[in-house]
Visitor: 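Structure below; questions to follow.
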Amino acid sequence: MKRPVVLTIAGSDSCCGAGAQADLKTFSAHGCHGLTAITCIVAEVPGKVKSIQPVKPEILRDQLEVLFAAYPVVAVKTGMLYSSALIHVVADVLKKTARKRKFSLVIDPVMVSTSGTPLLRKNAIEDYHQLLFPMADLITPNLDELCILAGVSKIHDLESMKEAGRSLREKYKCAFLLKGGHLRSSIATDVLLSRNLERSFSAPFIKNVHTHGTGCTYSAAIAANLAKKMPLPEAVGSAKKYITRAIKQHMRWGNICALENFPRG
């Protein structure tokens with residue numbers, strides 16, 4: 001049985017609700033074989049990040065090079081990259097690999113945790129702009145990340161979210177998925193902006209769930225769908241249904257919630 005191979009370049013989440021662990025569960029649920037290149041070890045639970053230990057750039061490079069040499073990777077998803085040094089390694093290896101083979105690249109520009117802990121050093125933001133965005137097929141910022149990338153102080157509504165996204169689309173000439181769940185409307189609307197397309201994906205906002213790892217899971221589902229040769233709008237639409245169902249059918253231990261990563265139906 002042949003399965004598409006998808007690589008996540010991300011941090012390791014000790015509670016397995018986000019990061020590389022969440023990505024692997026999502027790849028598996030979508031019928032893909034997942035690989036990991038770990039960027040950081042993160043001691044965390046939902047709502048609290050205790051500590052972060054980045055790996056050495058050399059070991060990240062070794063992970064990437066050995067995986068690309070051994071597996072037919074058809075899609076790559078980046079998550080928490082943390083520092084300028086690690087972003088440079090990722091960009092260098094991806095650029096060299098892209099000269100030899102084609103793969104889809106989904107960038108989840110992880111910058112801050114839901115609890116407010118910085119997950120990207122400030123001096124590394126420009127490296128995203130210069131090194132990774134020009135290679136991306138899709139970039140998936142949440143509202144806080146969209147504000148940072150677009151240089152705006154706050155996004156209040158769906159129209160201001162679209163306006164910020166359009167400016168980024170024009171600047172980088174690649175597709176952006178703008179995630180509107182944090183607008184706290186009764187309907188969670190995400191907007192896909194690509195070169196010749198603007199499409200919305202909506203679902204009822206699910207209240208009273210303190211989510212952890214939704215951005216990771218969402219972007220991982222899109223990467224898995226792209227690996228299976230879905231066109232981008234269909235890949236996003238299918239992933240939107242998946243993440244909505246995962247939130248709705250969450251698991252709970254006291255105040256801690258976790259997504260239910262079930263086989264895709």
Side-chain angles (χ1 to χ4, degrees), residues 9-10 75-84 86-88 90-91 94-95 98 104-114 116 118-185 187-203 205 214-223 225-226 231-237 239-240 243:
I9 308 170
V76 176
K77 177 240 164 154
T78 69
M80 180 181 177
L81 301 182
Y82 189 67
S83 71
S84 178
L86 297 180
I87 291 175
H88 275 260
V90 171
L94 292 183
K95 191 180 227 182
S104 299
L105 176 59
V106 176
I107 294 178
D108 183 10
V110 176
M111 296 180 178
V112 61
S113 72
T114 303
L119 301 178
L120 179 72
R121 291 178 174 171
K122 287 184 178 180
N123 65 351
I125 295 174
E126 189 59 29
D127 294 308
Y128 264 112
H129 288 282
Q130 297 293 331
L131 301 175
L132 287 180
F133 285 3
M135 291 191 284
D137 292 284
L138 180 68
I139 302 169
T140 65
N142 62 27
L143 284 188
D144 291 334
E145 292 155 356
L146 180 58
C147 286
I148 293 170
L149 295 174
V152 298
S153 58
K154 193 161 186 178
I155 291 172
H156 302 279
D157 53 28
L158 192 60
E159 194 50 48
S160 61
M161 183 178 81
K162 290 180 182 178
E163 185 178 345
R166 288 171 188 141
S167 69
L168 292 173
R169 176 183 62 179
E170 181 64 25
K171 182 176 182 179
Y172 294 104
K173 311 299 182 187
C174 69
F176 279 80
L177 177 64
L178 315 176
K179 297 176 290 187
H182 289 174
L183 289 174
R184 299 296 178 183
S185 170
I187 300 295
T189 299
D190 307 329
V191 180
L192 174 63
L193 302 174
S194 62
R195 183 174 300 176
N196 300 310
L197 177 73
E198 186 169 313
R199 183 178 296 183
S200 296
F201 303 87
S202 297
F205 180 78
T214 52
C216 302
T217 300
Y218 197 174
S219 56
I222 295 170
N225 289 333
L226 292 175
L232 181 59
E234 284 76 6
V236 172
K240 174 68 171 179
I243 191 62

Visitor: Measuring from atom NZ of K162 to atom CZ of R169, what distance do you get when rounded to the nearest 0.5 angstrom?
Guide: 11.0 Å
Visitor: Quick one: pull up CG in L193 and CG in L177 and give me the separation to the nearest 0.5 Å.
Guide: 8.5 Å
Visitor: Going from CG on L120 to OH on Y82, what distance comes out if it is rounded to the nearest 0.5 angstrom?
Guide: 9.0 Å
Visitor: Between M135 and L105, does a side chain to side chain contact (heavy atoms under 4.5 Å, CB included) hold up when you go through it step by step?
Guide: CA-CA 7 Å; M135 291 191 284; L105 176 59; 3.9 Å; yes
Visitor: Any idea which heavy atoms bring T189 and S202 closest together, and the distance?
Guide: OG1-OG, 2.9 Å
Visitor: Please report the interatomic distance CG(D108) to CD(E145), rounded to the nearest 0.5 Å.
Guide: 6.0 Å
Visitor: Between P233 and L197, which heavy-atom pair has the shortest distance, and what is it?
Guide: CG-CD2, 3.5 Å
Visitor: Could you pull out all donor-acceptor pairs under 3.5 Å where a side-chain atom in residues 148-159 meets a protein atom, sequence neighbours excluded?
Guide:
residue	atom	partner	partner atom	Å
D157	OD1	E159	N	3.4
D157	OD1	S160	N	2.8
D157	OD1	S160	OG	2.9
E159	OE2	R166	NH1	3.1

Visitor: Using every non-hydrogen atom in the two residues, find where K240 and F201 come nearest and quote the distance to one decimal.
Guide: CE-O, 3.5 Å
Visitor: Quick one: closest heavy-atom pair of S200 and V191, and the distance?
Guide: OG-CG2, 3.9 Å
Visitor: Which distance, rounded to the nearest 0.5 Å, do you find between the SG of C174 and the CG of L138?
Guide: 8.0 Å
Visitor: Please find the pair of heavy atoms, one from G79 and one from V110, that lie closest to each other, and give the distance.
Guide: C-CG2, 3.7 Å
Visitor: So L192 and L178, do their side chains get closer than 4.5 Å, heavy atoms only?
Guide: no
Visitor: In this structure, are over 12 heavy atoms from other groups packed under 6.0 Å from E163 atom CD?
Guide: no
Visitor: Find the distance between OG (S219) and CD1 (I107) and round it off to the nearest 0.5 Å.
Guide: 11.0 Å
Visitor: Looking at every heavy atom in both L232 and D137, which two are closest together, and how far apart are they?
Guide: CD2-O, 4.2 Å
Visitor: Can K77 and I9 be said to form a side chain to side chain contact (heavy atoms under 4.5 Å, CB included), step by step?
Guide: CA-CA 6 Å; K77 177 240 164 154; I9 308 170; over 6 Å; no
Visitor: Does K173 have any salt bridge (Lys or Arg N to Asp or Glu O under 4.0 Å) partners at least two apart in sequence or in another chain, and if so, which?
Guide: E170
Visitor: Just jot down the side chain to side chain donor-acceptor pair (under 3.5 Å) partners of D127, sequence neighbours excluded, or say none.
Guide: S84, H88
